[in-house]
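This is a predicted model, so every value here is computed, not measured.
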Amino acid sequence: TGVEATNEAESGDQADPLSEQEWVDHHYRLALGTVRETFDPKSVEIFESIVRVAPYSPIAPRAQFNIGEAYRKIRSYSDAIPEYQKVVENYPESDLAMEARYQIGQCSYQKTLSSSYDQTGTDIALDSMQTFVRKHKDSKKSVEMQQRMDELVQRKAKKSFNIAEFYRRSGSDEAAIIYYQDVIDNFPQTELAKTSAKRMDEVAAKPSRKKTADKTKEVIQTGEKKGL
């Protein structure tokens, strides 16, 4: 078996082969001793071998979870998330499934703090956090997760609002209205939605805006008369 082969490679033929559980316990303790302090590729390899050789052992969910923890500690969130996801998918009944979902949400949030992260990434983070809150609404951690979600929603609204403001100051009223409307439609509970509505009223009341609207109306009416 994989356990016997590993025993031979490590100890030679003279050692008695370990049982599967003994092998798992021995290697888990070995890996845990280093991964607690810092990231150690060897420890990750050991955890991976435990999951591969003994996927149904009692310690397998924890070994899989610790792979995610190892990557999270070095802020390699893109590597950590799929490892936590394996806990959720392969060990849904484990006590660690909830913690894995929580860490997925936390890692997704941390990724959004990167200046290069786009709106799609923010949507993915919100989705992962919403999943946690939905499945663990009675958990104290749901309160924290909801706060993170509110922060991301506010950040998304702020981005659209800032674009609208840029267009308004540049005199591109039509483009500004599109982004103000986006804030109103998608983030109605925010203060920025109220501000966007006021800004739209201001833009609509501008003389230049009225002339444009009148000209557009005239063109449409002319086209109707010509049967266009």
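- Contact between Ile184 and Ser196 at its shortest, heavy atoms only, is CG1-CB, 3.9 Å.
- Each of Val133, Asp150, Thr131 was evaluated against Met145; a single residue qualifies, Val133, per the side-chain contact (heavy atoms from CB on, under 4.5 Å) test.
- Every residue two or more places apart in sequence or in another chain that forms a side-chain contact (heavy atoms from CB on, under 4.5 Å) with Ala175 is listed here: Tyr167, Ser172.
- Listed by chain and residue number, Thr190, Leu192 satisfy the side-chain contact (heavy atoms from CB on, under 4.5 Å) test with Gln154 (two or more places apart in sequence, or in another chain).
- Within the model, atoms CG of Leu126 and OG1 of Thr112 stand 8.5 Å from one another, a figure rounded to the nearest 0.5 Å.
- Using modelled atom types, no side-chain atom of Ser142 and backbone atom of Asp138 make a donor-acceptor pair closer than 3.5 Å.
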### Task
Run the numbers on Glu89 and Lys86 for salt bridge (Lys or Arg N to Asp or Glu O under 4.0 Å), then give the verdict.
CA-CA 5 Å; Glu89 294 176 355; Lys86 290 177 184 177; over 6 Å; no
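- Note that the CZ atom of Arg101 and the CE atom of Met129 stand 15.5 Å from one another [nearest 0.5 Å].
- Within the 4.5 Å cutoff, the side chain of Glu83 has no heavy atoms near those of the Asn66 side chain.
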### Message
Could you go through Arg75 and Tyr77, starting from their C-alpha distance and side-chain angles, then the distance that decides it, and tell me whether this counts as side-chain contact (heavy atoms from CB on, under 4.5 Å)?
### Response
CA-CA 5 Å; Arg75 300 181 181 181; Tyr77 302 119; 3.4 Å; yes
### Task
Kindly determine whether Phe132 and Ser139 satisfy side-chain contact (heavy atoms from CB on, under 4.5 Å), including the steps that lead there.
CA-CA 9 Å; Phe132 179 86; Ser139 169; 4.2 Å; yes
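- Judged purely by atom type and a 3.5 angstrom limit, Gln64 has no side-chain atom pairing as donor or acceptor with the backbone of Val51.
- Using a 4.5 Å cut-off between side-chain heavy atoms of Ile, Leu, Val, Met, Phe, Trp and Tyr, with links allowed through other members, Leu152 and Leu113 fall into the same hydrophobic cluster.
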### Query
Please walk me through it: do Glu144 and Lys141 pass salt bridge (Lys or Arg N to Asp or Glu O under 4.0 Å)?
CA-CA 5 Å; Glu144 176 189 351; Lys141 290 182 177 181; over 6 Å; no
### Message
Determine whether Arg72 and Tyr84 satisfy the following criterion, side-chain contact (heavy atoms from CB on, under 4.5 Å), listing intermediate values before the conclusion.
### Response
CA-CA 10 Å; Arg72 183 179 63 83; Tyr84 288 127; 3.2 Å; yes
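- A donor-acceptor contact closer than 3.5 angstrom links the side chains of Glu99 and Gln103.
- The two residues Ala70 and Val44 have their closest heavy-atom pair at CB-CG2, 3.7 Å.
- Applying the side-chain contact (heavy atoms from CB on, under 4.5 Å) test between Ser160 and each of Asp185, Val183, Asn186 identifies Val183 as the sole match.
- Open room surrounds CD on Gln189; 12 or fewer heavy atoms of other groups in view lie less than 6.0 Å from it.
- Nearest heavy-atom pair, Gly68 versus Ala80, reported as atom, atom and distance to 0.1 Å: O-CB, 3.5 Å.
- Looking at every heavy atom in both residues, Ile50 comes nearest to Ala63 through CG2-CB, 4.0 Å.
- Checked against a 6.0 Å centroid threshold, the rings of Phe161 and Tyr179 do not count as neighbours.
- In Arg155, the CZ atom is crowded: over 12 heavy atoms of neighbouring residues, nucleotides or ligands sit closer than 6.0 Å.
- Of the candidates Glu202, Glu165, Lys198, Glu165 is the only one forming a side chain to side chain donor-acceptor pair (under 3.5 Å) with Tyr180.
- Nearest approach of Ile104 to Ser128, heavy atoms of both residues: CG2-CB, 3.9 Å.
- Cation-pi geometry between Arg148 and Tyr109 is met: under 6.0 angstrom from the ring centre, within 45 degrees of the axis.
- Separation of atoms CD (Glu45) and CZ (Arg52) is listed at 9.5 Å; rounding is to 0.5 Å.
- The hydrophobic cluster containing Tyr102 does not contain Leu96, counting ILVMFWY residues as joined when their side-chain heavy atoms lie under 4.5 angstrom apart, directly or transitively.
- Taken from OG in Ser76 to NZ in Lys111, the straight-line distance is 9.5 Å, to the nearest 0.5 Å.
- Atom CE of residue Met200 and atom CG of residue Asp173 lie 11.0 Å apart, to the nearest 0.5 angstrom.
- For the residue pair Ala54 and Ser57, the shortest heavy atom distance occurs at O-OG, 2.9 Å.
- Surrounding CG of Asp95 are at most 12 heavy atoms belonging to other residues, nucleotides or ligands under 6.0 Å away.
- For the atom pair Phe187 CZ and Lys159 NZ, the distance stands at 10.5 Å (nearest 0.5 Å).
- Under the 4.5 Å side-chain criterion, counting only non-hydrogen atoms from C-beta, Ser108 is in contact with Ile81.
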